[in-house]
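The structure appears below as structure tokens.
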Amino acid sequence: MAKTHVKMNVNGREVESLVEPRTLLIHHLRENLNLTGPHIGCDTTHCGACTVDMNGKSVKSCTVFAVQADGAMITTIEGMAAPDGTLHALQEGFRMMHGLQCGFCTPGMIVRAHRLLQEIPNPTEEEIRFGIAGNLCRCTGYQNIVKAIQYAAAKLSGAPMQEAAE
Amino acid sequence: MNIAVPTREQREAKLEGMGCKRKRVEDIRFTQGKGNYVDDVKLPGMLFGDFVRSQYAHARIKKIDASAALKVPGVLAVLTAEELKGVNLAWMPTLAGDVQMVLADGKVLFQSQEIAFVVAEDRYAAADGVEAVEVEYEDLPVLVDAFKALAPDAPLLREDIKDKMIGAHGPRKHHNHIFEWSMGDKDLTDAAFATAEVTTKDVISYHRTHPSPLETCQCVASFDKIKGELTVWGTFQAPHVIRTVASLLSKIPEHKIHIIAPDIGGGFGNKVGAYPGYICAIVASIVTGKPVKWVEDRIENLTATSFARDYHMTTEIAATKDGKVTALRVHVLADHGAFDACADPSKWPAGFFNICTGSYDFPVAHLVVDGIYTNKAPGGVAYRCSFRVTEAAYCIERAMDIMAQKLGMDAAEFRLKNFVRREQFPYHSALGWEYDSGDYHTAMNKAMEAIGYQQLRAEQAAKRAAFQRGETRDLRGIGISFFTEIVGAGPSRNCDILGVAMFDSCEIRVHPTGAAIARMGTKSQGQGHETTYAQIIATEIGIPADDIMVEEGNTDTAPYGLGTYGSRSTPVAGAAIAMASRKIKAKAQMIAAYMLEVHEDDLEWDIDGFRVKGLPEKYKGMKEIAWAAYNSPPPGLEPGLEAVSYYDPPNMTYPFGAYFCVMDIDVDTGVYKIRRFYALDDCGTRINPMIIEGQVHGGLTEAFAIAMGQEIRYDEIGNVVGGSFMDFFIPTAVETPKWETDYTVTPSPHHPIGAKGVGESPNVGGVPCFSNAVNDAFSFLGSRHIQMPHDHWRIWEVAKGLGLHG
Amino acid sequence: MPVIPAPFSYHRPKSLAEATALLAEHNDEARVLAGGQSLIPMMKFRLAAPEHLVDVGNISELKGIQRTGNTLIVGAMTTQHELQQSQMLSEAAPILKETSLLIADPQVRYMGTIGGNVANGDPGNDMPAVMLCLDAAYRLTSVTGTRTIKARDFYEGTYATALKTGEILTAIEIPVPPAGHGHAYEKLKRKIGDYATAAAGVVLTTRGGRITTCAIAISNLADKAILATDAAAAVIGTALEKPTLDKAIAAARSIMSPATDTRGTTEYRTSVGGIMVERALKCALARAKG
């Protein structure tokens with residue numbers, strides 16, 4: 001099958017590649033671009049471990065063809081920290097509030113939460129739970145993920161939370 | 001300049017030792033997408049393998065035609081049982097003493113069984129190859145219902161052992177029978193029942209479910225023909241066991257096998273066993289001379305790799321009229337699927353199910369477990385549980401509620417009346433265990449007060465009255481569970497896997513600058529060992545946790561260990577850490593004595609170093625001592641500061657807890673709402689309260705899912721119904737209840753730091769709590785026992801059966 | 001066991017004309033790729049294996065939400081997320097946003113389109129029932145021209161619709177419901193991301209607290225979304241007194257034929273289907289002003 005030329009901006013870097021049209025974006029990111037942060041957890045568009053940000057939307061990259069992302073701006077977990085290495089408030093929050101255990105869902109969870117906070121800077125607990133409902137976590141029971149996102153929201157809005165995880 | 005001398009509190013805080021909420025070391029890489037999981041491993045020239053799987057639950061294989069597949073661009077080889085026979089690997093031994101087909105040999109015994117392994121240049125070509133393989137089947141009669149397995153005319157599943165009437169665990173009484181295992185005193189138990197004032201008898205089933213960690217099972221096998229060495233990166237909860245098994249199977253000497261378990265995306269028991277995918281990847285690497293990756297997809301994971309539970313427990317309790325239990329009798333029909341591939345310690349075919357007397361003082365008990373074959377996937381792993389302990393906890397906690405109901409007693413009061421009392425510990429149970437420590441009454445009373453138990457019952461009564469008057473369609477259920485676990489397998493006198501005793505190990509090396517590395521025989525899958533193990537060492541030898549690296553998972557560097565499952569890491573490896581630390585501390589004391597020119601006995605330990613008794617200014621910190629160990633050790637003493645400990649635990653540990661659930665159920669739709677869930681856990685000494693709480697949250701969420709719908713179901717012809725995350729219930733943040741956690745501390749008397757392990761308690765205790773809440777909601781209407789899972793439609797069926805729909 | 005799509009040729013036309021020409025050229029061998037949230041999973045399991053995939057994501061003519069007089073025109077490639085963000089839609093026909101939020105999960109709603117949801121003929125989709133309630137019409141375009149068909153005439157069965165080979169759904173025309181109308185979409189599901197165990201939508205108007213017009217439709221309770229006309233007729237002129245409600249629920253249940261599946265038995269799903277109708281009616285009536 002003939003390959004198609006695709007060009008996308010991934011984590012601030014322009015990348016051009018030739019891909020088979022059927023190549024899923026998750027495989028393109030992981031196999032061709034060596035961005036192994038996003039993961040594959042369910043194969044059926046349920047778990048959200050493969051979540052990346054595409055043109056300002058959270059998408060499940062196992063359910064997008066790489067060719068559909070031609071011309072897109074993509075952010076993966078690898079692009080969340082500042083260029084100088086300073087961690088994003090969400091990355092900090094997940095550690096401070098014990099919002100992860102095995103870490104497999106975490107890249108997708110953080111990238112999704114990032115978009116959620118762009119849309120709702122100070123979400124209620126209910127809004128957070130609804131907003132991350134496309135991301136499954138098998139380890140944490142979500143309670144500390146909610147706190148981690150609240151921690152980040154508070155920090156980003158200039159009023160950081162004092163208490164760490166209970 | 002005024003340099004402040006650090007206070008004791010500051011010195012202690014700097015260590016970040018046991019008891020503090022140390023932030024996790026692992027998170028630094030995981031939050032940046034820099035974890036290194038198996039599918040992230042990429043080797044030059046690496047190939048990809050994918051399975052052709054059976055559509056049928058029971059069928060003879062007439063023909064496998066791989067010719068079209070071999071023409072697919074990128075496909076290099078197709079392995080079938082015929083090829084594997086050439087290397088004597090068409091079948092493999094299981095941990096339970098059975099054998100299992102690696103690739104279907106003549107017939108298939110469950111849907112999704114592995115038939116052929118297609119090896120290709122990448123996963124896309126492998127997929128195309130799989131699609132092109134043609135398999136011709138001839139249907140055979142299918143056995144799905146466990147209760148029909150031992151019928152005289154039941155289909156013969158295991159033709160390979162049809163004449164082998166002595167199995168790994170004794171005589172087999174039918175062609176579909178695997179073993180009979182019994183414990184306790186039959187005669188005394190039967191006698192107690194014969195004279196009992198009140199008895200109950202119920203079939204309490206725990207449905208088939210699956211651990212389904214978010215990362216599936218996967219591996220990369222790389223065989224170096226020149227060196228004759230095999231390296232396997234894999235999702236292994238027990239890397240050393242895999243190495244030994246791989247060596248025994250492949251005949252590659254064990255020192256030439258390198259097993260590496262990198263970061264693991266959750267395990268929950270799923271990643272203990274050895275699966276056909278590992279064997280096929282290894283064989284394919286040997287055949288092709290190239291590294292071969294195998295990554296299971298989610299459907300394969302749910303339908304082929306290691307189910308959990310599937311126990312049908314006929315449970316009888318005898319009691320006096322005033323509510324004192326006098327005997328327990330349990331018969332279990334254990335559905336093991338097509339092969340007995342349970343991951344239990346070898347002498348325990350039903351795991352530690354004989355903990356089923358629970359937290360209660362049963363004078364006598366008798367237990368019989370019959371293991372049977374059906375046309376379902378093999379497995380029987382301990383899904384966040386110590387070998388059938390969750391089945392046992394469910395069995396006894398449901399049965400206790402049923403008896404309380406029959407006696408007309410409050411379920412909490414009935415438990416309080418029958419608990420093993422504090423002064424009875426160490427307590428010898430009627431089924432053979434020695435419970436190390438417990439204080440059940442204190443825990444239960446604390447929990448009842450915290451939840452406001454009497455108030456809840458009053459509210460429930462009001463709600464029931466309103467329901468009876470037709471003012472509401474909601475019923476309230478209050479679920480109680482008071483579980484006792486048995487974890488930390490285990491003592492070499494009764495616990496081994498394939499003959500290897502179930503010790504665990506720790507090697508600590510303190511470097512000259514006072515930093516250290518600890519290498520372990522266990523393997524974290526998210527439990528945070530890198531964080532908590534360092535805390536134990538920090539407290540034991542006074543080196544800040546931040547200066548200690550914990551390493552696991554590489555069999556070349558780690559001391560031999562049995563791995564992480566069954567809540568054994570803290571009870572066994574945690575003890576090994578303490579013992580290795582104490583060896584280091586003893587040597588450090590000799591060095592410090594030499595440095596301070598005093599006798600060792602004149603020194604006392606003080607947080608992070610040794611001090612001369614009565615002369616507090618004469619002090620040597622561990623950092624200085626470490627340097628001296630490499631620079632100027634005392635005459636006659638070897639340089640260096642290292643220690644290894646292989647810890648053989650004297651006993652198991654027995655964590656316990658009191659859980660309460662408040663649930664409202666809409667009888668018209670079967671939709672439920674969890675109003676409150678309170679979990680009090682006693683895991684002995686608490687190493688990192690933040691991580692303990694995280695473990696409890698996670699385990700409760702699993703328990704919620706299992707009780708309320710997480711099921712691997714088969715239709716009557718053996719098709720898996722709902723084997724993907726569309727149907728297999730993994731709750732999202734929206735469905736997941738909010739958790740309230742609490743604790744008491746009853747240290748284990750035999751464990752060096754008193755810790756008991758906590759990871760599995762919430763799953764073990766949570767499931768009966770949710771189920772008891774559902775049962776309790778309907779009990780006043782005459783309902784006795786409602787089988788799990790309690791999904792919407794089944795709850796509705798119960799309401800309908802009780803005539804609540806008019 | 002692969003979860004990898006079969007190979008295909010990929011086309012990304014920039015105009016509707018180009019797209020319809022491609023569909024005409026490849027006929028049954030081509031499929032339209034909208035948001036892909038249903039099609040791609042099917043392709044991964046090889047339940048769909050089109051030789052040509054025509055990605056209409058780059059066609060500006062298929063996007064946008066407008067109001068022309070009393071008609072809302074929603075471009076087929078409007079995503080669920082965009083639909084939820086539209087103030088105009090939320091005010092004119094709030095049932096759209098309410099329903100949209102009950103579909104799948106956030107990520108799927110960013111990609112999934114209204115056109116895909118109504119056009120692919122999956123009886124589990126939620127928007128078809130809403131379109132039946134609102135009496136929407138679909139614009140279908142092919143190389144031979146454009147036709148408009150009522151949603152009420154569009155659905156034929158599971159994955160079977162009036163969409164012909166070569167046609168693309170380009171827009172949905174929705175008559176603006178009268179001001180003060182009442183609406184509700186009640187969906188019973190096992191969890192976020194699931195299809196309905198049973199669901200029902202209602203759009204009604206009232207005068208003096210009595211129902212003057214009413215449309216009821218149900219999702220995932222038959223081989224397609226269906227309008228419960230008898231149930232609706234039963235409530236007109238009433239204020240949903242209990243006998244009326246019972247009659248409407250019974251009428252609605254009589255047209256339900258859900259399969260027994262992992263969500264429950266036929267009996268259960270029919271029973272809760274009636275309850276969804278009841279709840280939607282009550283909620284819509286409570287919201288109606290008039």
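These numbers come from a predicted model, not from an experiment. Sequence lines set the chain letters: A, B, ... in the order given, protein chains first and strands last, and positions in each chain run from 1.
The pair D128(B)-R46(C) meets the salt-bridge criterion, with a side-chain N (NZ, NE, NH1 or NH2) lying under 4.0 Å from an Asp/Glu carboxylate O.
Of the atoms belonging to D666(B), it is side-chain heavy atoms, and not backbone ones, that fall under 4.5 Å from chain C. With a 4.5 angstrom heavy-atom cutoff, K189(C) touches chain B only via backbone atoms. With a threshold of 4.5 angstrom between heavy atoms, L188(C) approaches chain B through side-chain atoms but not through N, CA, C or O.
With a 4.5 Å cut-off on side-chain heavy atoms, R190(C) and F729(B) do not count as touching. Side-chain atoms of F45(C) and I299(B), non-hydrogen and from C-beta on, do get closer than 4.5 Å to each other. At a threshold of 4.5 Å between non-hydrogen side-chain atoms, the residues W796(B) and E267(C) count as touching. Side-chain contact between T265(C) and E797(B): present, with at least one pair of heavy atoms (C-beta onward) separated by less than 4.5 Å. Between E735(B) and I192(C), the closest side-chain pair of non-hydrogen atoms falls below 4.5 Å.
Atom CZ of R298(B) sits in a crowded spot, with more than 12 heavy atoms from other residues, nucleotides or ligands closer than 6.0 Å.
With rounding to the nearest 0.5 angstrom, the CD1 atom of I275(C) is 7.0 Å from the NE2 atom of H805(B). With rounding to the nearest 0.5 Å, the separation of CZ in F728(B) from OG1 in T262(C) is 13.0 Å. Here the CH2-OG1 distance, from W793(B) to T266(C), works out to 11.0 Å after rounding to the nearest 0.5 Å.
Chain C forms the most heavy-atom pairs under 4.5 Å with one residue out of R123(B), E114(B), R794(B), K800(B), and that residue is K800(B). Top candidate by heavy-atom pairs under 4.5 Å with chain C, chosen from V671(B), V118(B), D668(B), D727(B), is D727(B).
Remark: side-chain polar atoms of Y268(C) are paired, donor with acceptor, to backbone N or O of T669(B) under 3.5 angstrom.
Nearest heavy atoms, D194(C) versus M726(B): OD1-SD, 3.4 Å. Taking both residues in full, the closest heavy atoms of I730(B) and K191(C) are given as O-NZ, 2.5 Å, listed atom of the first, atom of the second, then distance.
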